[in-house]
Amino acid sequence: MSNEKKVEKGNKNFLSGLFRQQIFIPIAALIILAVFNLIADPSFFKITLGYNSAGDPVLSGYLMTILDYGSELAILAIGMTLVTAASGGQDISVGAAIAIAGSVILRVLCGTNSRPDTLQAPIIVAFLVACVVAMLFGAFNGALVAYFKIQPMVATLILYTAGRSIAAWINNNELPIVSDPTFSYFGGFIPGIPIPTPFFIAAVCVLVIFLVLKFTTLGLYTQSVGINENSSKLNGLNPTFIKFLTFVILGLCVAVAALIKVSRLSSINYSVIAKDIEMDAILAVALGGNSLSGGKFNMAASILGAYVIQFLTTTLYKFDVQSDALPAYKAVVVILLVVLSTPKVREWLSAFGKKLKQGKAVKEVG
Amino acid sequence: GSSDAGSNAATGSANAATGSANAATESASAGTTSSSSSGDMIKVGIINNDPNESGYRTANDKDMKNTFTEANGYEASFAYSLKNDEQITAAQKFIQDGVDYLLLSAADTAGWDSVLKDAQDAGIRVILFDRTIDADESLYEASIVSDMAKEGQTAVDWLKSQNLSEYNIIHLQGVMGSAAQQGRTGALDDAAANDGFNLVTQQTAEWNAEKAQQIVQSVIDAGTPFNVIYAENDDMAKGAVAALDKANISHGVGKDVIVMGFDCNKWALEELKAGNWNYDGQCNPFQASYIDDIIKKLENGETISEKTIIMDEKGFDATTITQEDVDNYGI
Amino acid sequence: MGKKLKNMTDTNLLLTITIVVFFVMYIGAIVFQGKGFLKPQTFFNILNANAALIILSCGMSLVMITGGIDISVGGVVALVSMSCAVYLDFGGGNVFVSMLLAVAIGLAFGIVQGFLVAYLDIQPFIVTLAGMFFARGMTTIVNTKPFNVANESFTALKETRVIVPGMGSVNKLGNYVNAYVEIGVIVALLVVILMFIMLRWTKMGRSFYAVGGNNQSALMLGINVKRTKFMSHLLCGLLAGIGGYVYFLHVGSGSASHASGMEMNAIASSIIGGTMLTGGVGNIIGTFFGVLSLSTIQNIVSSAGLDQAWWTGITIAAMLCLFLVVQSVVIARKKKMLQNK
Amino acid sequence: MKNIHKSFPGVRALRGVDFHLNKGEIHALMGENGAGKSTLIKVLTGVYSKDEGQIFIDGNDKAVSIHSPQEAQKLGISTVYQEITLCPNLSVAENMYIGRSNKIYQNWKKMNEDADKILQNLDIPAKASQQLASCSIAVQQMVAIARAVDMDCKVLILDEPTSSLDEQEVTKLFGLMRDLKARGVGIIFVTHFLDQVYEVCDKITVMRDGSLVGEYAIKDLPRVQLVSKMLGKELDDLSDIKGEQPTEQKTENGEPLFETKDLCSDAGIKPFDFYIKKGEVNGFTGLLGSGRSECVRAIFGADRVIGGTVKKNGKQVKINKPLDAMRCGIGYLPEDRKRDGIVGDLSVRENIILALQVLRGFFHPISKAEANKFADEYIKLLDIKTASAETPIKSLSGGNQQKVILARWLLTHPEYLILDEPTRGIDVGTKVDIQKLVLKLASEGMSVTFISSETDEMLRTCSRLVVMRDRKVVGELSGEDLTQTKIMSTIAGGESKHE
Ligand SMILES: Nc1ncnc2c1ncn2[C@@H]1O[C@H](COP(=O)(O)OP(=O)(O)OP(=O)(O)O)[C@@H](O)[C@H]1O
Ligand SMILES: Nc1ncnc2c1ncn2[C@@H]1O[C@H](COP(=O)(O)OP(=O)(O)OP(=O)(O)O)[C@@H](O)[C@H]1O
Ligand SMILES: [Mg+2]
Ligand SMILES: [Mg+2]
């Protein structure tokens, strides 16, 4: 009896434990991509310190590019994970919502003049207004899903259809351009700091969400609602409100992502800004090993998933894959990663890990 | 698509060069009755691309709206889509609604034959603007387009005239297959083959500034040297420049990298004037007045002498551009 | 009325809503907008333009009924039309072989995706999202430029019109024009009928519902859940291939941008037609009317003479919203009634 | 079945179990919660693959391999699983026939007719064309049974089919079982009701902790021994509880703790009055579907309340949603544990702390250490069989899931605990434990409402019973009146003591 217990404890060794962990999937994906690049061309990992046009120090290299451009996706993945967990569906309107939020930012900054010499309002005000607007649209989606019980993908199809038109409407179809250099800090570099700002913004968002998950019960509530609505209700939760809330939070994420997006170019193009980003955001959640039908989630895994996607994209660009053929390669890699992470394959890996450990143990004893 | 004020590259330019050889003798398609329906208002159905796709398109749409007004004797309906099939559906609807003229800027060159035949059967006259399509000429009255190949050639000629010691070019293409992309790419490809231009990378950024930024970023990260950015529209040039700025690579007049764009957005011309960019090729979006003319002529029973009308277009150099140019040609 | 409402299955209730709303909408369009809606050809044009979408939506409904989703169908359409176009033009091909090619491509997607979903238990969203990426990417690898197909026998087939007797109208030149539908419409109607029969009267069809309702239970009721899921994806892929060819027949060209976003339209149509993304509920006739409703909305908007481009998107979305809210309210009412006996 | 082994991650559910079933016998499979009965059945029918062991059929020497329920059906094994496993979106008739025939076409007319015939024969109040979801749980259970019985089977397996049936239906079921037995069908019957075992079974196989204890003929194994075999220890006789019933004296004194007046919810019950005193155990009784659950749901605010008032200690309180009720110190253990109770993918620990967490509020999460402490405490207290507190609750056996839910509510230390069928699917030993627990809680001052379909269970624990019929409160019994016959006659409408 006691022997058995020991064996069972032995099973929980670190390696096989890791294999069974959800976060193993994105980590493994990162490692595979990194190893591939290392073999193909180690200069991929080179980071150089240079000076940008304003004379400020700047780090550059593929890794910095990944950290930089993966930011929006990581931020969206946060909100998307919560929405997925609580409602068991996905928001496909985030791209369109970014267009709206971005449009709002520019509208506030530029006023009616599409090329102002000075900003019409402080950037923080513009950002806050965008947050409010994005959260309102999030609330709209949330209301349809939570109160009208429309399936998330369909409910958000409405905003997906209308979003870019609304964005154009907000600026009366003008394409405003901000010339103030401070505005470009958010998507570029803050003078004196050699690391791209989007990465900092993403890091702050990640920090905030982890604090929120730690110091509130958001995680437990969303999972509980996502798994069993009836039972959550009988435990005093308000499933409707919690679902609604996750959409509003996603709205906030959208506003932050929009700030970075419009700041990158100091302007906006309604029809292509953040194009297809919703698919990547959902993919990030899935690559994190989260079930897209709701319930349990792992936030860290989702965020890593976002960087996996960017890692992949950057790698493909590096190898000069034609950008319109790029999705085909991406598809192949994604499928390989996902197949690798299926329970069957993971079980096999975990058995392998166990053997490794047992082999060691035998040696030690011997 | 985007600034691809597209015309069919091959046939369009051939016609244009000879000043439209087809002195189209009132094609059969012009219809037997030239009497307009019910006299007062001329009904036009306008199918355009979504105006928020680019500055070019916005200007184009505004121009159409300002021309086809009730004051000018028109009753206009608009349909917008970036998708060819939706455009076709809209065209079918206009045909059933019984408009007098169908004005069309097609998203795709292909796939229009049967709709236009339907229009012809229904006695509706079709005028193409901005982009030609791959269909029989008898199916439309006129086509008012830009000559993309010429735009490309002008730009490449300008680039040659810079007499750089070597040409390492990042080539950012528009949506593959659009007339604008084909025309503007064609000229550069020729130069690459004949004049020893080196294309460091040739990638489509699909008219999208964000994608352009990532592509250029990738080239910078790889450390491959380059000294020219040939972007097939202003948006992509802008994305490229954003990547350059981040990496402290100077660009513009007398700097490390030459930046070239197309469309002549006002903001782009301003960049030009400030010396941050080097060249911008014009793509003229103001076709409405030409269309208006043609419709008036048709209504009076006149014949159209030139079936294909090529828009007048220039290229601007940063060193010679004036504020006047910016005001006059910026869109 | 109330009692009737209660006794209806969700499937039939949603179907009824769709059909009623469609007719209300169409008649409303005739009354208030007149114009083209007065002519039967407008209706046939909706069919012509959406034959492919109808076929795709049928496939989509099948997958959705089993509780899955397939977002690769739009990409498959693009890939099919591009491949067939390339084959017909450069390969100097034979129309019949091009059809086989289309079916083969569709089947290949269906089989691979079905295998990954059913036997490796990967989430359908991910599998088919990758499928979409792959199909779109492959399309540009096959050929980047859009082009018209010149092949004569193909053009002849494409131009073939089936005259609908007695529905023609007089055009502005004073000629009588016959109303017509394209061959694709016939194919689409056949598919609708076949799939309807399959779902309603075959063992496989009923298994789709069972698996979508509760796959754990279905397993214990002795249904081969894996095979059922596999079959639904396979059929969806096959229909995407056929739909792709019908689309190709309608536009007569290959292009990488073909059918962009069509998967969303297919999903939206299925849902408007009363299929639930959560599985177990749905009906092919509903899907058929779902497609019609969606495109009628688009038609109404496009001939409403909106002066600003943004209104198009906003109006379509608003009508979609209204539709969904009505659906949801009726369902909620039914649930309530069930509760109260 | 020989030497069957099966492990789940962290649990060894079956360790070398042998099992024999003869033609034409009814064989009870007994054991406490989590003993591995359901797992054994699922291995036999191919839902789970076995790690080790062999299965033989018809006395053949060659072992058969069963990989899916479908194959099991083909071999003539038809099964009613513990949790109802039907498809709610299909019609009743379809649920009865799907997955059975190899015919490609489905003849609706014939199927509906056949199904209607069977439903009529078995007296099941449902129509063949009705959607299953619109039937009550009991009817669904009967449909599942009808399906299994209708199959031309050699072996029939019934895993706790009676847990949601009332006595009449149980009698009907037993009739059926005897018929089948006469036709030579072998029946495996799992239940926690000892009476039922002794009523119909020929043999008993007892399991404990995943291993076989033994196979006995029914006459060789008196009740008390059976129980001790199941539990692995001697059980103080059931009658003990009755003896130590401490409720009487407490209920006399004091004002009602909770009191409702004309309470009425949108679930369709008639307005009712109800009260409970501190430290009192009372219950609702009535036939299936008489509205017992709806009454307590209304008190807890689980259904939308549309009229009436609730008073706590004489002061009116507003209960519009469960959280209000929880704040007032009410706890509610729902009757449908799978649908309303467990949060399947969450761990046992999270399931235990859920209600307390909600009470503490959004910004005061229970720390991991504290949660572990709570979890360990209650796992021990209620003797919950689980691999660890981390295990997802859905992989626990039914009875243990129930205990987790009970733990959840005990953790909130309610003043008033409502238990709706807390002993459904619970083994004898635990049942007694729970009854004892209830009485203990009451003696410590907690008020408890105890609802059960087993009248004697209610009689043993409750000091006062509210009787319901047709969603109306029709009477109240206490003290001397608490007898089976009195209850029955009140339900039947003999003498209504309605105030
Ligand atoms: N899918 C599963 N994953 C992990 N463990 C499981 C799973 N199913 C059952 N178990 C475990 O196997 C053991 C036996 O469970 P089983 O359901 O067979 O018990 P049971 O005898 O039917 O109990 P009950 O009377 O409560 O229904 C339990 O400890 C349970 O936790
Ligand atoms: N006459 C009826 N027609 C349809 N549904 C009914 C009817 N009576 C009751 N029901 C449904 O049956 C279910 C059982 O009712 P309820 O829970 O009130 O019964 P109960 O007395 O608590 O019995 P139990 O708890 O033993 O099931 C409820 O969901 C109720 O809606
Ligand atoms: Mg069990
Ligand atoms: Mg009840």
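Residue numbers begin at 1 in each chain, while the letters A, B, ... track the order of the sequences. Treat the numbers as computed from the prediction; the structure is a model and nothing was measured.
Residues K145(C) and D134(B) are not paired through a salt bridge, judged by the lack of any N-O separation under 4.0 Å between the basic side chain and the carboxylate.
Here the NZ-CE distance, from K83(B) to M262(C), works out to 10.0 Å after rounding to the nearest 0.5 Å. Atom OG of S260(C) sits about 10.0 Å away from atom CG of N84(B), to the nearest 0.5 Å. Going from atom CD of E86(B) over to atom CG of N265(C) covers 7.0 Å, rounded to the nearest 0.5 Å. Separation of atoms CE (M176(B)) and OG1 (T139(C)) is listed at 14.0 Å; rounding is to 0.5 Å.
When the shell of 6.0 Å around OH of Y176(C) is examined, it contains more than 12 heavy atoms from other residues, nucleotides or ligands. Residue K62(B) places its NZ atom among 12 or fewer non-hydrogen atoms of other residues, nucleotides or ligands, all under 6.0 Å distant.
Heavy-atom distances place the side chain of D113(B), and not its backbone, under 4.5 Å from chain C. Neither the backbone nor the side chain of V115(B) comes within contact range of chain C; no heavy atom of the residue lies under 4.5 Å from a heavy atom of that chain. The part of N45(C) that comes within reach of chain B is its side chain, from C-beta onward, which places non-hydrogen atoms under 4.5 angstrom from that chain. Looking at S257(C), the atoms closer than 4.5 Å to chain B (heavy atoms on both sides) all sit in the side chain, from C-beta outward. Residue F43(C) does not touch chain B at all, counting heavy-atom pairs closer than 4.5 Å.
Shown here for G111(B) and N148(C), the closest heavy-atom pair between the two residues is N-OD1, 2.8 Å. Between K39(C) and I95(B), the closest heavy-atom pair is NZ-O, 4.3 Å.
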Task: Worked check of side chain to side chain contact (heavy atoms under 4.5 Å, CB included) between R161(C) and S114(B) - done: CA-CA 11 Å; R161(C) 293 177 166 187; S114(B) 41; 4.1 Å; yes
